[in-house]
Amino acid sequence: MLDSRTRRPLGAVLLSAQFLALAAGGPLLATPPAAAHPFGPPLTAHLVPDDRRPTLLWHGAEDDWVALGEALGVFAEPDAERTGAELLTDSSDVRGYLAESVRLRQGDADCRSIADPGADVVENGMTITFDCPLPPSEDEQVELTLEPMIDLNPAYRTVLTVEGSDTKTLFTGDEPTQAVSVAGGGVATAAVALGGGTLVVAAGAGWFLLRRRRS
């Protein structure tokens, strides 16, 4: 998680990212900070159960990646030869942060996690693979924790979907840990948390061009 000394208010992150884009000569689509996340569509996570190595794909919108990269210092030294997406993809700090804030616990032991950004983390998301102490049984519930970004702003939330199931579960700062099944034969989450006005979606366009290509 982010050290308290490195945390920055979301508004400051957005303004800093705007300055970075302008200083680099990249085009900018101006959108007021109030329309940006965490008050827009939630982050997403997709769990693929497996008896040996369950995987989870975590993803956010471009402004979420900008906020995370800014908070972790990924853009501290702008590189005219590389895009923001490339800086985020290559950052060990981003991989370490997501591996720490997305956790799976089986009984009294944490499953070992490995974060893989693939070729483009902004486009494809971060894949996190878990190695658990024992192969989970079909009816076993393990604890999944989804905490990315809530240390930046507690309003962030993540919607979890599970391969082979229509269930959608909302993870929030108040409820970041919930029980799930990761066995290959059983794909169920413990609670359906969407509905009743829980999920508020605010439309907003991405305003920071992570994909500025060098001319």
Side-chain angles (χ1 to χ4, degrees), residues 1-2 6-18 20-21 28-29 31-48 55-75 83-103 113 115-129 144-162 168-173 175-176 178 193-194 198-212:
M1 306 301 288
L2 295 176
T6 65
R7 297 178 188 171
R8 302 177 61 185
L10 187 61
V13 169
L14 298 178
L15 290 175
S16 180
Q18 286 182 320
L20 177 61
L28 186 68
L29 298 177
T31 299
H37 296 189
F39 306 107
L43 308 166
T44 63
H46 183 70
L47 177 66
V48 180
T55 60
L56 184 141
L57 176 64
W58 182 88
H59 212 335
E62 285 192 357
D63 53 344
D64 297 319
W65 286 111
V66 170
L68 179 58
E70 182 70 11
L72 293 173
V74 174
F75 310 124
T83 67
E86 290 169 342
L87 293 172
L88 286 162
T89 298
D90 294 340
S91 172
S92 60
D93 289 335
V94 171
R95 293 193 298 273
Y97 173 83
L98 288 172
E100 181 182 349
S101 56
V102 178
R103 302 185 300 278
S113 61
D116 180 8
D120 188 334
V121 73
V122 176
E123 178 70 22
N124 302 317
M126 182 76 75
T127 299
I128 300 172
T129 302
L144 174 65
T145 298
L146 295 175
E147 293 183 318
M149 309 294 288
I150 62 175
D151 49 358
L152 283 179
N153 191 311
Y156 270 105
R157 58 257 190 268
T158 302
V159 172
L160 173 73
T161 56
V162 182
K168 294 182 179 180
T169 306
L170 188 66
F171 288 69
T172 67
E175 196 173 7
Q178 301 189 47
L194 298 186
T198 301
L199 183 60
V200 178
V201 177
W207 50 266
F208 178 72
L209 189 62
L210 288 169
R211 311 192 172 286
R212 181 186 59 80

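Atom set for the values below is all heavy atoms of this structure, side chains included, hydrogens, waters and symmetry mates excluded.
Scored by the side chain to side chain contact (heavy atoms under 4.5 Å, CB included) test, V74 finds L72, L87, L88, S91, V94 as partners (sequence neighbours excluded). Listed by chain and residue number, R95, A99, M126, I128 satisfy the side chain to side chain contact (heavy atoms under 4.5 Å, CB included) test with A115 (two or more places apart in sequence, or in another chain). Residues passing the salt bridge (Lys or Arg N to Asp or Glu O under 4.0 Å) test with D93: none are found, sequence neighbours excluded.
Side-chain N or O atoms of E147 include none that pairs as donor or acceptor with a backbone N or O of E100 at under 3.5 Å. The backbone N or O of V121 lies less than 3.5 Å from a partner atom in the side chain of T89, making a donor-acceptor pair. Under the 3.5 Å distance criterion, the side-chain polar atoms of H46 are left unmatched by any main-chain donor or acceptor of T55. Y156 places no side-chain N or O within donor-acceptor distance of the main-chain N or O of D151, the cut-off being under 3.5 Å.
The structure places CD of E70 at 13.0 Å from CG of D63, a figure rounded to the nearest 0.5 Å. Note: E123 CD to W65 CH2 = 11.5 Å, rounded to the nearest 0.5 Å. N124 CG to L57 CG: the interatomic distance, rounded to the nearest 0.5 Å, is 8.0 Å. Note: L146 CG to W58 CH2 = 10.0 Å, rounded to the nearest 0.5 Å.
Among all heavy-atom pairs drawn from T161 and K168, the shortest one is CG2-CG, 3.8 Å. For P42 against V159, the heavy-atom pair with the smallest separation is CG-CG2, 3.5 Å. Taking every heavy atom of both residues into account, L43 and P148 meet most closely at CD1-O, 3.8 Å. Counting all heavy atoms, side chain and backbone alike, V122 lies closest to E62 at CG1-CG, 3.9 Å.
Checked options L56, T169, V162; the residue passing with L144 is L56 (criterion: side chain to side chain contact (heavy atoms under 4.5 Å, CB included)).
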